[in-house]
Amino acid sequence: MKMAGVGAPVVYVFLVFCMVVVPSLATVYTVGDSSGWTIGSDYSTWTSGKTFTVGDSIVFNYGSGHTVDEVSASDYNTCTTGNALTTDSSGATTITLKTAGAHYFICGVTGHCGNGMKLAVTVTAGSPTAPSGSTPSGTTTSTPTTPTTSGSNTTITNTHYFPESSSGTAFSPFVDAVITFVAVFVWLLS
């Protein structure tokens with residue numbers, strides 16, 4: 001089939017966009033929103049209504065004198081410091097959630113975890129089925145009891161390249177497939 005006019009370049013640009021840009025869109029959550037990572041916050045309330053999916057990122061903003069430590073479930077429950085799977089104290093820590101399951105974070109400074117600096121997120125493997133802002137059953141936990149995944153599956157970087165918002169927009173792989181299918185169909189018809 002012969003492609004004529006301006007349609008072909010538009011379809012090609014659209015296809016490239018679908019294959020490169022759209023899958024990279026993930027939700028970025030700023031822990032504690034404007035309060036940040038601080039003593040005295042209730043992070044189980046903050047996670048309520050949020051659905052964390054593999055590929056999403058959580059951003060910790062905090063002042064000096066704090067850390068972000070990924071820990072095991074037992075260390076999270078007992079606020080045990082010194083056994084961190086990963087740790088960072090840069091003041092702006094971005095964690096990319098690479099694996100499904102429960103992930104646990106505490107401040108490693110003695111006494112801070114016991115004063116509220118602890119966060120548990122349950123990460124789902126696929127795209128959320130409920131609209132953003134709703135609370136699907138089993139997607140968040142305030143008293144985690146399941147073991148965490150290996151620390152090597154979580155990446156901590158000292159800078160982030162995403163807007164500092166509590167939530168963003170993510171397209172599911174299904175939406176990506178539909179967009180790509182439509183683009184190919186339009187290309188074939190042109």
Side-chain angles (χ1 to χ4, degrees), residues 13-37 43-62 67-73 76 84-88 90-106 118-142 144 146-184:
V13 169
F14 187 71
L15 281 172
V16 169
F17 175 79
C18 289
M19 293 185 307
V20 175
V21 176
V22 173
S24 68
L25 295 177
T27 305
V28 176
Y29 297 95
T30 299
V31 175
D33 296 321
S34 61
S35 299
W37 182 235
Y43 294 106
S44 62
T45 299
W46 177 81
T47 60
S48 178
K50 292 176 176 60
T51 301
F52 301 93
T53 306
V54 170
D56 289 349
S57 297
I58 52 177
V59 177
F60 294 81
N61 294 313
Y62 50 98
T67 67
V68 175
D69 296 358
E70 184 170 8
V71 296
S72 68
Y76 173 89
L85 302 170
T86 61
T87 188
D88 187 55
S90 67
T93 303
T94 298
I95 308 284
T96 301
L97 302 170
K98 293 185 174 184
T99 59
H103 296 267
Y104 306 98
F105 305 94
I106 65 172
K118 59 192 288 183
L119 170 71
V121 296
T122 301
V123 181
T124 60
S127 61
T129 56
S132 180
S134 67
T135 309
S137 175
T139 58
T140 59
T141 179
S142 57
T146 56
T148 188
T149 57
S150 169
S152 64
N153 291 325
T154 302
T155 301
I156 296 179
T157 56
N158 292 335
T159 59
H160 52 84
Y161 305 100
F162 301 103
E164 291 185 20
S165 64
S166 175
S167 62
T169 303
F171 290 104
S172 72
F174 175 76
V175 172
D176 291 340
V178 169
I179 292 170
T180 303
F181 175 78
V182 169
V184 169

For Ser34, the side-chain hydrogen bond (donor to acceptor under 3.5 Å, both in side chains) test, sequence neighbours excluded, returns none
Closest non-hydrogen contact found for Ala120 with Tyr104 is CB-CD2, 3.8 Å
Taken to the nearest 0.5 Å, the spacing of Ser90 OG from Tyr62 OH works out to 4.0 Å
Checklist entry - Just by modelled atom types, is the Val54 backbone N or O under 3.5 Å from a matching donor or acceptor in the Thr124 side chain? => result no
When rounded to the nearest 0.5 Å, the distance separating CD of Glu70 from OG1 of Thr86 is 4.5 Å
### Query
Can you tell if the side chain of Trp46 reaches within under 4.5 Å of the side chain of Leu119, non-hydrogen atoms only?
yes
- Polar side chain donor-acceptor pair, Tyr29 to Thr47, under 3.5 angstrom: no
Residue pair Lys118 / Tyr76, side-chain heavy-atom distance below 4.5 Å
yes
Taking every heavy atom of Ala26 against every heavy atom of Gly55, the minimum-distance pair comes out as CB-O, 3.2 Å
Note: Trp37 and Tyr43 closest approach over all heavy atoms is CA-OH, 3.2 Å
In terms of heavy-atom contacts, Thr94 and Ser57 come closest through CG2-CB, 4.0 Å
Heavy-atom nearest pair, Val71 first then Ala84, reads CG1-CA, 4.2 Å
**Message:** For Phe105 and Phe60, I'd like to know if the aromatic rings sit close, meaning centre-to-centre distance below 6.0 Å.
**Reply:** yes
Separation between CD1 (Ile106) and OG1 (Thr67), nearest 0.5 Å, reads 7.0 Å
When every non-hydrogen atom of Val123 is compared with those of Thr53, the smallest separation belongs to CG1-C, 3.6 Å
For this session: Could you tell me whether the side chain of Asp56 and the main chain of Thr27 form a donor-acceptor pair under 3.5 Å?
Result: yes
